[in-house]
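Here is the structure we will look at, set down as structure tokens.
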Amino acid sequence: GVEVGPQPQGVLRADILDKMRKIVKHGLDFVQLFNEGKEFPPCTIEVFKITEKVDYPRNKDDEVIAIIHPKLQDQDWQPLNNGDPLFLTLDGEVIAYKGDCTVYPTFINEAAYYEKKQAFVKTEKLKLTAKHIRSSVS
């Protein structure tokens, strides 16, 4: 499957549709070349592994008491370091990120995850290396 976004539920965006078409075309091109026996050289890519789901701050009645800080909004896949603004309380107090390493938040403030009590997810950046590959079918 391919998920391309972000985009709000029920909204059609031309730029997101274009990105989806391009990634599907690249995937199909790879399959065709692989099936034709093309050898692909070793490669290394960066990926992001989800490490934790983070909820909005809540009070004892389970009510949300803070929103995503404006400096974090729309910063998916960007580094978040210890002390960076994370949430903004309804009283205007900044809640900073407290962590011992840099993380890369994503799915920040997405409506589809609000009911799941997920303000964003933390990810860590990893590098994966693949050996050369070639189809064994001729």
Side-chain angles (χ1 to χ4, degrees):
V2 176
E3 181 178 343
V4 182
Q7 81 178 16
Q9 297 164 313
V11 174
L12 300 174
R13 289 183 41 174
D15 61 331
I16 301 298
L17 179 61
D18 184 56
K19 287 178 184 179
M20 183 273 306
R21 285 181 172 153
K22 285 178 182 174
I23 193 69
V24 169
K25 181 186 179 312
H26 287 304
L28 293 173
D29 289 346
F30 170 83
V31 169
Q32 180 177 348
L33 291 169
F34 181 79
N35 287 341
E36 290 172 355
K38 178 176 174 60
E39 183 171 343
F40 292 88
C43 66
T44 300
I45 62 168
E46 288 185 343
V47 298
F48 294 87
K49 178 182 176 184
I50 294 175
T51 59
E52 180 183 356
K53 295 177 182 178
V54 178
D55 191 8
Y56 295 89
R58 296 176 183 270
N59 64 18
K60 61 180 170 60
D61 296 322
D62 205 35
E63 299 168 325
V64 172
I65 59 168
I67 58 176
I68 294 293
H69 192 280
K71 289 186 177 178
L72 181 60
Q73 185 64 52
D74 301 321
Q75 297 301 307
D76 294 79
W77 314 111
Q78 299 305 308
L80 181 67
N81 299 296
N82 188 46
D84 287 347
L86 198 57
F87 295 104
L88 186 62
T89 69
L90 302 179
D91 295 331
E93 178 186 335
V94 174
I95 300 173
Y97 171 62
K98 293 182 177 120
D100 55 358
C101 65
T102 299
V103 295
Y104 299 83
T106 191
F107 304 120
I108 300 169
N109 203 25
E110 287 203 18
Y113 297 109
Y114 185 79
E115 291 176 353
K116 294 176 171 72
K117 295 186 175 184
Q118 181 178 308
F120 63 92
V121 295
K122 290 185 203 175
T123 69
E124 63 179 316
K125 189 188 300 189
L126 305 172
K127 287 190 178 187
L128 297 181
T129 300
K131 297 178 181 179
H132 71 89
I133 61 169
R134 174 187 282 164
S135 173
S136 60
V137 179
S138 298

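If you're wondering where the values come from, they're calculated on a predicted model, not measured in any experiment. Atom set for the values below is all heavy atoms of this structure, side chains included, hydrogens, waters and symmetry mates excluded. When a residue number appears, it is its place in the shown sequence, counting from 1.
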Tell me whether [X] shares a hydrophobic cluster with [Y], the cluster being built from Ile, Leu, Val, Met, Phe, Trp, Tyr side chains joined at under 4.5 Å.
X	Y	value
Trp77	Leu126	no
Ile45	Phe34	no
Val54	Ile50	no
Leu88	Leu90	yes

Could you give the distance from [atom1] ([X]) to [atom2] ([Y]), rounded to the nearest 0.5 Å?
X	Y	atom1	atom2	value
Leu86	Ile95	CG	CD1	7.5 Å
Lys53	Lys116	NZ	NZ	8.5 Å
Leu128	Lys49	CG	NZ	10.5 Å
Lys71	Asp84	NZ	CG	9.0 Å
Asp55	Tyr114	CG	OH	9.0 Å
Leu72	Phe87	CG	CZ	7.5 Å

Please indicate whether [X] has more than 12 foreign heavy atoms, meaning atoms of other residues, nucleotides or ligands, lying under 6.0 Å from its [atom1].
X	atom1	result
Glu115	CD	no
Ile23	CD1	no
Arg21	CZ	no

Asn82 side chain to Asp100 backbone, donor-acceptor under 3.5 Å
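It does not hold such a pair.
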Using modelled atom types only, decide if a donor and an acceptor are shared between the side chain of Asn59 and the backbone of Asp61 within a distance under 3.5 Å.
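Side chain of Asn59 to backbone of Asp61: a pair is present.
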Before you tell me yes or no, could you show the steps for Thr102 and Lys125 under side chain to side chain contact (heavy atoms under 4.5 Å, CB included), namely the whole-Å CA-CA distance, both residues' side-chain angles and the distance that decides it to 0.1 Å?
CA-CA 9 Å; Thr102 299; Lys125 189 188 300 189; over 6 Å; no
Compare every heavy atom of [Y] with every heavy atom of [X], then report the nearest pair and how far apart it is.
X	Y	answer
Pro105	Leu80	CD-CB, 3.8 Å
Ala96	Gly83	CB-O, 3.6 Å
Gln75	Ile108	C-CD1, 3.7 Å

Begin from the C-alpha positions of Thr89 and Ile65 and carry the test side chain to side chain contact (heavy atoms under 4.5 Å, CB included) through to its verdict.
CA-CA 6 Å; Thr89 69; Ile65 59 168; 5.7 Å; no
Report yes if the side chains of [X] and [Y] come closer than 4.5 Å at any heavy-atom pair, otherwise no.
X	Y	value
Thr123	Thr51	no
Val103	Tyr97	yes
Tyr56	Ile68	yes

Charged N-O contact under 4.0 Å between Asp18 and Lys22
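A salt bridge is present here (some side-chain N lies under 4.0 Å from a carboxylate O).
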On the six-membered ring of Phe120, is Lys122 placed so that its NZ or CZ lies under 6.0 angstrom from the centre and within 45° of the ring axis?
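Verdict for Phe120: no cation-pi partner in Lys122.
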